[in-house]
Amino acid sequence: MKTARVEAFSDGVMAIIITIMVLQFEPPEAATWEALSALFPTFLSYVISFLFVGIFWSNHHNLMHNASQVRGLDLWLNLNFLFWLSLTPFTTAWMDAHVFSHVPVALYGGVLSACTLSYLALKISIKRGHVGQQPNPDATPDITHNRIRISILGQFAGILVSFVAPQIAVGLYLFSTLPWIVPEPPKSRA
C-alpha cells in the first residue's frame with residue numbers, strides 16, 4: 001500500500017488531537033489580567049502537549065515520506081502509535097486540572113514514553129519492510145540511536161522524578177523531545 005493514505009489518516013488524527021486540547025480552554029469569567037493569568041497552567045500544559053504532538057507529526061511525516069509503501073504490520077503499528085498519542089488530551093487536561101501533581105505528571109510521562117516506543121516500533125518495522133525492496137538505499141529511514149536513548153532516558157527519569165518534583169519531571173519530558181525538534185531530513189525516493 002502507498003503511504004499517502006496512512007499519512008493523510010495520521011495527519012487527521014493529529015489535527016483532531018490538537019483541536020481537542022485547545023477546546024479545553026474556557027475564557028475567564030472576568031475581563032481582567034488576573035483572571036487571564038489564572039489560565040497559565042492550562043496554557044502551559046497546552047503548549048507542552050502541542051509541542052510534543054507537533055514533533056511527532058513532523059517526524060511521522062518524514063518517516064512516511066522516506067517509505068515507498070507500508071505493509072499490514074505497519075498499519076497496525078501506526079494505529080498503535082496514534083492510540084497512545086490520542087491519550088495526550090486526557091493526560092494534558094488531568095495534569096492541568098491538578099496543577100502538575102505527582103500522579104498526573106507520571107501518567108503524562110507514561111503516555112509520552114508509550115508514544116515514543118510505539119513510534120520507534122513503527123520506524124523499525126518500516127525500515128525492515130523496505131530492506132532489499134528499494135534500489136536506492138538512501139530511501140530507507142535510519143534509526144537514530146542517540147535520539148532514542150536521550151528520549152527514553154529523559155522520559156523514564158521524568159516518570160521517576162515526578163513523584164518527588166513534578167515540575168522537574170515536566171522539564172525532563174521537554175528535554176527528552178529536544179533531539180527530535182529537527183526531524184531527520186527527508187530522503188529522495190527511488
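Keep in mind that the numbers below use all heavy atoms, side chains included, and drop hydrogens, waters and symmetry copies.
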### Message
A4: which residues meet the side-chain contact (heavy atoms from CB on, under 4.5 Å) condition with it, sequence neighbours left out?
### Response
none
### Query
Among all residues two or more places apart in sequence or in another chain, which pass the side-chain contact (heavy atoms from CB on, under 4.5 Å) test with L77?
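side-chain contact (heavy atoms from CB on, under 4.5 Å) check on L77 returns L73, A121, L122, S125.
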### Query
Can you name the residues that form a ring pair (Phe, Tyr, Trp, His ring centres under 6.0 Å) with F50, not counting sequence neighbours?
Y46
### Query
Among all residues two or more places apart in sequence or in another chain, which pass the ring pair (Phe, Tyr, Trp, His ring centres under 6.0 Å) test with F100?
none
Which value, rounded to the nearest 0.5 Å, describes the distance between [X] atom [atom1] and [Y] atom [atom2]?
X: L82; Y: Y119; atom1: CG; atom2: OH; result: 12.0 Å
X: Y108; Y: S113; atom1: OH; atom2: OG; result: 11.5 Å
X: L112; Y: L87; atom1: CG; atom2: CG; result: 12.0 Å

### Residues forming a side chain to side chain donor-acceptor pair (under 3.5 Å) with H102, sequence neighbours excluded
none
### Query
What residues form a side chain to side chain donor-acceptor pair (under 3.5 Å) with S151, not counting sequence neighbours?
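With sequence neighbours excluded, S151 shows a side chain to side chain donor-acceptor pair (under 3.5 Å) to W180, given in chain and number order.
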Do [X] and [Y] land in one hydrophobic cluster if side-chain heavy atoms of ILVMFWY residues count as linked below 4.5 Å?
X: W76; Y: I126; value: yes
X: V47; Y: M14; value: yes
X: F43; Y: F52; value: yes
X: I150; Y: L51; value: yes

In a table with atom names and distances, give each donor-acceptor pair under 3.5 Å that connects a side chain of residues 166-177 to protein atoms at least two apart or in another chain.
residue	atom	partner	partner atom	Å
Y173	OH	V105	O	3.0
Y173	OH	G158	O	3.4
Y173	OH	I159	N	3.4
S176	OG	Q155	NE2	3.4
S176	OG	Y173	O	2.6
T177	OG1	L174	O	2.7

### Query
Could you go step by step and tell me if L36 and W33 meet the side chain to side chain contact (heavy atoms under 4.5 Å, CB included) rule?
CA-CA 5 Å; L36 186 61; W33 291 113; 3.7 Å; yes
Main-chain N/O of [Y] paired to [X] side chain as donor or acceptor, under 3.5 Å:
X: S10; Y: E7; result: no
X: N66; Y: N62; result: yes
X: N78; Y: L75; result: no

### Task
Measure the shortest side-chain to side-chain distance between L39 and P28 over non-hydrogen atoms and say whether it is less than 4.5 angstrom.
yes
### Query
Can you tell if the side chain of L107 reaches within under 4.5 Å of the side chain of F90, non-hydrogen atoms only?
yes
### Task
For side chain to side chain contact (heavy atoms under 4.5 Å, CB included), just list the numbers for I181 and L178, CA-CA rounded to whole Å, side-chain angles, deciding distance to a tenth of an Å, and then say yes or no.
CA-CA 5 Å; I181 287 178; L178 291 179; 3.6 Å; yes
Restricting to non-hydrogen atoms, name the atom on [X] and the atom on [Y] that form the minimum distance, rounded to 0.1 Å.
X: A67; Y: T3; value: O-CG2, 3.5 Å
X: L63; Y: K123; value: CD1-CG, 3.7 Å
X: F81; Y: H60; value: CE2-CD2, 3.8 Å
X: V70; Y: M64; value: CG1-SD, 4.2 Å
X: R147; Y: N59; value: NH1-OD1, 3.9 Å
X: M95; Y: P104; value: CA-CB, 3.7 Å

Name each donor-acceptor pair under 3.5 Å that joins a side chain in residues 17-24 to protein atoms two or more places apart or in another chain, with its distance.
residue	atom	partner	partner atom	Å
T19	OG1	A15	O	2.8
Q24	NE2	P89	O	3.0

### Message
If you count heavy atoms of other groups shown closer than 6.0 angstrom to CZ of F9, is the number above 12?
### Response
no
### Query
In this structure, are over 12 heavy atoms from other groups packed under 6.0 Å from F25 atom CZ?
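Yes, enclosed.
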### Query
Should side-chain heavy atoms under 4.5 Å link Ile, Leu, Val, Met, Phe, Trp and Tyr, which residues sit in the same cluster as L153?
none
### Task
Sequence neighbours left out, what pairs pass side chain to side chain donor-acceptor pair (under 3.5 Å) with at least one residue falling in residues 82-96?
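Checked against side chain to side chain donor-acceptor pair (under 3.5 Å) - neighbours excluded - the pairs reaching residues 82-96 are T42-D96, S49-T92, N80-W84, W94-H98.
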